[in-house]
Trainee: 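The following block contains the structure, expressed as structure tokens.
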Number of protein chains: 4
Amino acid sequence: MSKEKGPDHSRRKERSRQAILAAARALVTEETYEKVTVEAIAARAGVGKQTIYRRWPSKSAVVVAALLALSEDADGQSVTLPDTGDLRADLGLVMRATVEEFADPSFDKLIRALNTEIANDAALAAEYREKLAGPLDEAKKARLRSAQKAGQLASDADLDLVLEVLYAPLFLRWLHRSGPLTTAYADSLVDATLRAFGP
Amino acid sequence: MSKEKGPDHSRRKERSRQAILAAARALVTEETYEKVTVEAIAARAGVGKQTIYRRWPSKSAVVVAALLALSEDADGQSVTLPDTGDLRADLGLVMRATVEEFADPSFDKLIRALNTEIANDAALAAEYREKLAGPLDEAKKARLRSAQKAGQLASDADLDLVLEVLYAPLFLRWLHRSGPLTTAYADSLVDATLRAFGP
Amino acid sequence: MSKEKGPDHSRRKERSRQAILAAARALVTEETYEKVTVEAIAARAGVGKQTIYRRWPSKSAVVVAALLALSEDADGQSVTLPDTGDLRADLGLVMRATVEEFADPSFDKLIRALNTEIANDAALAAEYREKLAGPLDEAKKARLRSAQKAGQLASDADLDLVLEVLYAPLFLRWLHRSGPLTTAYADSLVDATLRAFGP
Amino acid sequence: MSKEKGPDHSRRKERSRQAILAAARALVTEETYEKVTVEAIAARAGVGKQTIYRRWPSKSAVVVAALLALSEDADGQSVTLPDTGDLRADLGLVMRATVEEFADPSFDKLIRALNTEIANDAALAAEYREKLAGPLDEAKKARLRSAQKAGQLASDADLDLVLEVLYAPLFLRWLHRSGPLTTAYADSLVDATLRAFGP
DNA sequence: AGCTAACCGAGACGGTACGTCCGGTCTTGTC
DNA sequence: GACAAGACCGGACGTACCGTCTCGGTTAGCT
């Protein structure tokens, strides 16, 4: 039983909200990010501009919300990584999946847009970490802790550092387009990480 | 004796060019990057807008050129890293210097602006790699090769990968503000890298 | 009982419209006509440029509208000329009034601007004739018709021609500054006209 | 053997001068007058902009000079009107010739441009009167004086006024496009003038 | 069923900056 | 030493969006 203040306009609200986020996502994947404008989002969503500004303070916020909403829908609540007992194999799986994601043009544009925004806005960066990166990292760290118990990872390893050594090279290579993102590359990152933090 | 290609408009050209780049740098460090406009750069440089558009196709290009010019001036030609024979110490020095750079607010804003641009423009990214990242990486790889000869690094190590494992975690932590950039953190990255690629 | 067509944005619309036209008039009287710019009009009116471009296609159109609006306000609906029964006296009155108008620096600039525009744009010329010159000429022709009935003017005179012979010399002398505009000159034009088209 | 002041750059000077004036004339007849720019004139004439600004202070001056030059070439020195002894016939000839000129699209554009400039610049207007209108009017007045001697025109008629009554209605009708310019119209102006100023 | 008030779409508004064009000046190298 | 070529500073052009502000027209829930 909700105890909202006004009458229940929530249905309309929700519909327009979803339309806005969907429009934002569509535009980010279609166009140059520079060309994504609040007016275009509003037009695409069939919504007045004011309806957007009522909810979000800036274009950046809408776009970030749109991208974060993507993952909120995806996961029921918690993310879990596979745990076959073979850490190398499990990490390799995750890394290869990440490589594939980055190869998808839509995803590529989406994540570049997201990074453009959070690089220049500390508040959005915090929201990104809390809502998106945080839960994912937590899931990965859970897998790493399991590996520590199984003696496949140094028990005193700083798990944040482990994740960074594993993931940051891949991400940066993608962001700066400084090299090819191949399966072999993903594997060699897993290897390096295990050498650095193995038991 | 210079043997330049074009006619010698060079004096005026060069003066206005430098004024534009300096103005761009100044504005990027002073203001929100969003607020850096071509008009503001022109006004600050005491230059007509057309003089900017004659040379660069967009604000992005000016800003990137401005930042790249910084380092072009800095190095006479070649960058060399210290080589004391102690790889761990030398890398630690470089990494701690990087941490300090990122702590400088001006530098922070400059590099964020640069990354915003190159993340969304493959051509600018290529220019960045060629003019700025490339030479630096080459210098670092020279030091690593020296270490390989000295038996301090696996002789079959992929040096690009080594550099990524060393540097990308630091860079990403800075870009996403996902953790503190401390001297200890720099050292632990050197340690991890040496464990991963040591002999 | 108003039965307007559109929605009632009329208040804002009308306020900005009047501000624009007033600003245009003010600038035309103050500055060289060449120096009247859309930006200056917008600034003076406290209005965005787009608000001007939304309504008029060019600076010319704004200026013409501004000047036409002047007379639209002035006359309730119909213009009537004095009819004392003495044609010579009545025409003399009108011509001397015209001479006085042309002697007013503000009016001079306004009318020069108007003529600059309509000389080079047939559409604006048509609008000028319909809205401004037409009604005035109609009023004058009414007076001439009355004179024809009174036997003071040839009954077969082409009234348009009569008006031209009366008025064009004055206008052209003013436009080309080819001679002084005096009361005596006005009178001699009336005399010539009456000689040419008298009974 | 000319004894010019400098060395014999006079040939080049004259050639570029003619090229500039010809280009100005060509552009005025081809394009909207608004689109005639100093840059376009220079390019068309194969001349640097500075060569134009060295000689004339503004675009207006160039255009006026270009048009005035037209008639300077035309008349050897003096203009003379036909004098058959029949004033009505002679004036009719001149007026009908004027109607034909105004019907020529090139001439129309040229004269509109000229009028645009002189309406807003008293100095140019004076130059126009002195160089172009003056001599023509003088020729016409010579014919009128001959008519006065022959008793075809009131001996005390103000010849300037006669010319205005004759010519201004035609000119204004053309300038404001307020009516058709026909042969009949030209004749009726001659008739009216002769009625007004006949003996 | 009718009322009432929040909320919506639409889009005009005052602004800022865009990227282009041209005016008028200044510089360079050629003829 | 005048010239063509054209870069330069300045500033207006007309357009695109920004974020704010009405405006009527739904669309609830409440009477």
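Per chain, numbering begins at 1; letters A, B, ... match sequence-line order. For clarity, every value in this text was computed on a predicted model and none was experimentally measured.
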Trainee: Over how many whole Å does the gap from C/Glu34 atom CD to F/dG11 atom P extend?
Mentor: 17 Å
Trainee: Hey, does B/Arg55 reach any base, or is it just sugar-phosphate, or nothing, if we go heavy atoms under 4.0 Å?
Mentor: sugar-phosphate
Trainee: Take the protein atom CZ of C/Arg15 and the nucleotide atom C1' of F/dC21, then report the distance between them rounded to whole Å.
Mentor: 12 Å
Trainee: What is the separation between atom CD1 on C/Ile52 and atom P on F/dA12, rounded to the nearest whole Å?
Mentor: 13 Å
Trainee: Count the heavy atoms belonging to other residues, nucleotides or ligands that lie under 6.0 Å from CD of B/Glu30, then report whether that count exceeds 12.
Mentor: yes
Trainee: Starting at atom CZ of B/Arg44, determine the distance to atom P of E/dA17, rounded to an integer number of angstrom.
Mentor: 15 Å
Trainee: Using atom CD1 of A/Ile41 as one end and atom C1' of E/dG9 as the other, report the distance to the nearest whole Å.
Mentor: 16 Å
Trainee: Tabulate below the donor-acceptor pairs under 3.5 Å that side-chain atoms of residues 54-68 of chain B make, not counting sequence neighbours, or state none.
Mentor:
from	atom 1	to	atom 2	distance (Å)
B/Arg55	NH2	B/Lys13	O	3.4
B/Arg55	NH2	B/Ser16	OG	2.7
B/Ser58	OG	B/Ala61	N	3.3
B/Lys59	NZ	B/Val36	O	3.1
B/Ser60	OG	B/Glu117	OE1	2.8

Trainee: Only counting residues at least two apart or in another chain, list the ones meeting salt bridge (Lys or Arg N to Asp or Glu O under 4.0 Å) with C/Lys109.
Mentor: none
Trainee: What one-letter contact string describes nucleotides 19-26 of chain E from 5' to 3', where B marks a base within less than 4.0 Å of any protein heavy atom, S marks contact via sugar-phosphate atoms alone, and - marks no contact?
Mentor: BBBSBBBB
Trainee: May I ask you to evaluate whether C/Thr51 reaches the phosphate of E/dA12, defined as a side-chain N or O under 4.0 Å from OP1 or OP2?
Mentor: no
Trainee: F/dA7 C1' sits how many Å from B/Ile20 CD1, rounded?
Mentor: 12 Å
Trainee: Please identify each residue that fulfils ring-ring contact (aromatic ring centres under 6.0 Å, His included) with A/Tyr128, with sequence neighbours left out.
Mentor: B/His176
Trainee: For the side chain of A/Ser16, counting heavy atoms from C-beta on, which of F/dC8, F/dA4, E/dC8 is nearest?
Mentor: E/dC8
Trainee: How would you list, by chain and number, every residue that makes a side-chain contact (heavy atoms from CB on, under 4.5 Å) with B/Ala40, sequence neighbours excluded?
Mentor: B/Leu27, B/Thr37
Trainee: Return the set of residues passing side-chain contact (heavy atoms from CB on, under 4.5 Å) with C/Tyr53 (not counting sequence neighbours), or none when no residue passes.
Mentor: C/Val38, C/Lys49, C/Gln50
